[in-house]
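Everything below concerns the one structure shown next.
Chain identifiers are assigned alphabetically (A, B, ...) following the order of the sequence lines, protein sequences preceding nucleic acid strands; residue numbering begins at 1 within each chain.
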Protein chains: 2
Amino acid sequence: MEPRLRIGELARRAQCQAETIRFYEREGLLPAPERTGGNYRLYAREHVERLAFIRNCRALDMTLDEIRQLLQFRDDLPRNRCAAAHALLDEHVAHVAARIAELQKLELQLKALRSQCQPTRTKRACGILDGLTHGDAPGARRPAAHVRGTHRS
Amino acid sequence: MEPRLRIGELARRAQCQAETIRFYEREGLLPAPERTGGNYRLYAREHVERLAFIRNCRALDMTLDEIRQLLQFRDDLPRNRCAAAHALLDEHVAHVAARIAELQKLELQLKALRSQCQPTRTKRACGILDGLTHGDAPGARRPAAHVRGTHRS
DNA sequence: TGAAAACCCTGAAGTTACTTTAAGGTCAAG
DNA sequence: CTTGACCTTAAAGTAACTTCAGGGTTTTCA
């Protein structure tokens with residue numbers, strides 16, 4: 001009554017790819033499981049839970065480093081781990097809030113830029129292209145450390 | 001009266017690093033400038049403007065691919081470039097808006113998770129750590145294509 | 001004049017969190 | 001006994017740079 005899973009089944013349950021699981025193993029987030037005679041990985045309940053933890057954290061956009069720390073707290077004595085988890089989460093919430101504020105500013109800037117060129121405008125110039133050449137887009141939006149941008153592969 | 005700049009001075013004006021400028025050259029965003037006898041790059045006004053354009057676009061969180069397209073529009077005949085720029089910008093605005101919505105959902109989830117563990121709680125368990133283990137954080141927040149997350153180096 | 005400081009050069013590797021590719025072994029079914 | 005689904009590894013690719021290693025050039029100022 002504790003059926004061990006192969007990587008594909010584990011991947012299905014965790015909603016990720018088998019490669020991602022191997023990657024977590026290489027990164028030390030997930031311990032190496034036993035192997036079958038044919039060298040297949042065999043995962044037990046503990047792995048399933050730990051992977052769920054990791055994927056939940058990733059769904060909350062934490063970095064692997066943040067997750068590594070949380071896992072440490074979880075593995076440690078119950079002593080101060082609650083306070084530590086609290087602090088890490090607070091920090092992460094702050095990152096997310098900061099990034100939202102940044103993007104909202106960005107949205108305004110983009111809409112302003114867009115309005116600089118209506119389809120019916122002077123013949124030669126495009127207000128958008130010109131706006132981007134001359135500093136109409138306010139310079140120096142240094143991205144907050146630890147906060148990624150708008151795009152993803 | 002057209003003083004050519006060396007890379008360091010150009011970098012200072014554009015608020016970026018010299019390495020970034022060389023990188024844009026390798027990427028084909030910025031044409032290779034002339035060189036001095038000592039093999040130093042010498043930039044003219046056209047480069048200054050083009051780099052400003054690029055940095056403004058980056059400040060608006062566009063990808064280098066988007067910027068490459070905008071530069072094409074700019075270099076092309078004035079024919080349809082305005083409409084093209086319009087379309088690209090609209091798409092980009094949509095990306096940003098989508099990312100904002102995602103992050104706002106995330107913020108709510110994080111705050112809910114945080115509230116699961118108050119400093120004064122049962123001794124053994126941490127509500128946050130437990131919440132992350134069991135799917136309290138809603139699964140399957142597949143990040144929208146073309147939209148990066150919360151963190152940056 | 002001479003040497004240190006400031007500036008520039010190239011090419012390669014590192015960053016994040018994976019994904020993709022290549023080349024191949026294992027296992028159940030038909 | 002072979003086809004197909006599944007698994008293995010190592011290496012390279014992604015975005016937009018940054019950092020590093022190792023070395024030239026130019027300027028400054030003692």
Write down the distance between [atom1] ([X]) and [atom2] ([N]), rounded to a whole number of angstrom.
X	N	atom1	atom2	value
B:R26	C:dA12	CZ	P	11 Å
A:L10	D:dC7	CG	P	10 Å
B:E19	D:dG22	CD	C1'	14 Å
A:E66	C:dT16	CD	P	12 Å
A:Q15	C:dA17	CD	P	20 Å
A:D65	C:dT15	CG	P	11 Å
A:E27	C:dG14	CD	P	14 Å
A:R12	D:dA5	CZ	P	13 Å

Under-4.0 Å side-chain N/O to phosphate OP1/OP2 contact, [X] with [N]:
X	N	result
A:T20	C:dT19	yes
A:R58	C:dC18	yes
A:R55	C:dC18	yes
A:R22	C:dT20	no

Picking from [options], which would you name as closest to the side chain of [X]?
X	options	result
B:R35	C:dC9, D:dT8, D:dT18	C:dC9
A:F23	C:dC18, D:dC7, C:dC8	C:dC18
A:L64	D:dT8, C:dA17, C:dT19	C:dA17
A:R41	D:dC6, C:dC8, D:dT9	D:dT9
A:Q17	D:dT9, C:dT20, C:dG25	C:dT20
A:R6	D:dT18, D:dC6, C:dC18	D:dC6
B:I7	C:dC8, D:dT26, D:dC7	C:dC8

Looking at side-chain heavy atoms only, is the closest gap between [X] and [Y] below 4.5 Å?
X	Y	result
B:R58	B:Y24	yes
B:R99	B:V96	no
A:L42	A:R35	no

A:E25, A:E34, A:E9 screened by salt bridge (Lys or Arg N to Asp or Glu O under 4.0 Å) with A:R41, the one that passes: A:E25

Mapping B:Y24 and B:N39 onto DNA chain D by nearest heavy atom, which one lands closer to the 5' end? B:Y24

May I ask you to verify whether the side chain of B:Y40 and the base of C:dC9 hold a donor-acceptor pair under 3.5 Å? no

Sorted by position of nearest nucleotide on DNA chain C, 5' first, the leading residue of B:E9 and A:G37 is B:E9

Sub-3.5 Å donor-acceptor pair from the side chain of B:R13 to the main-chain atoms of B:A52, do we have one? no

According to a hydrophobic-cluster definition based on side-chain heavy atoms being under 4.5 Å apart (Ile, Leu, Val, Met, Phe, Trp, Tyr only), do B:L64 and B:L88 belong together? yes

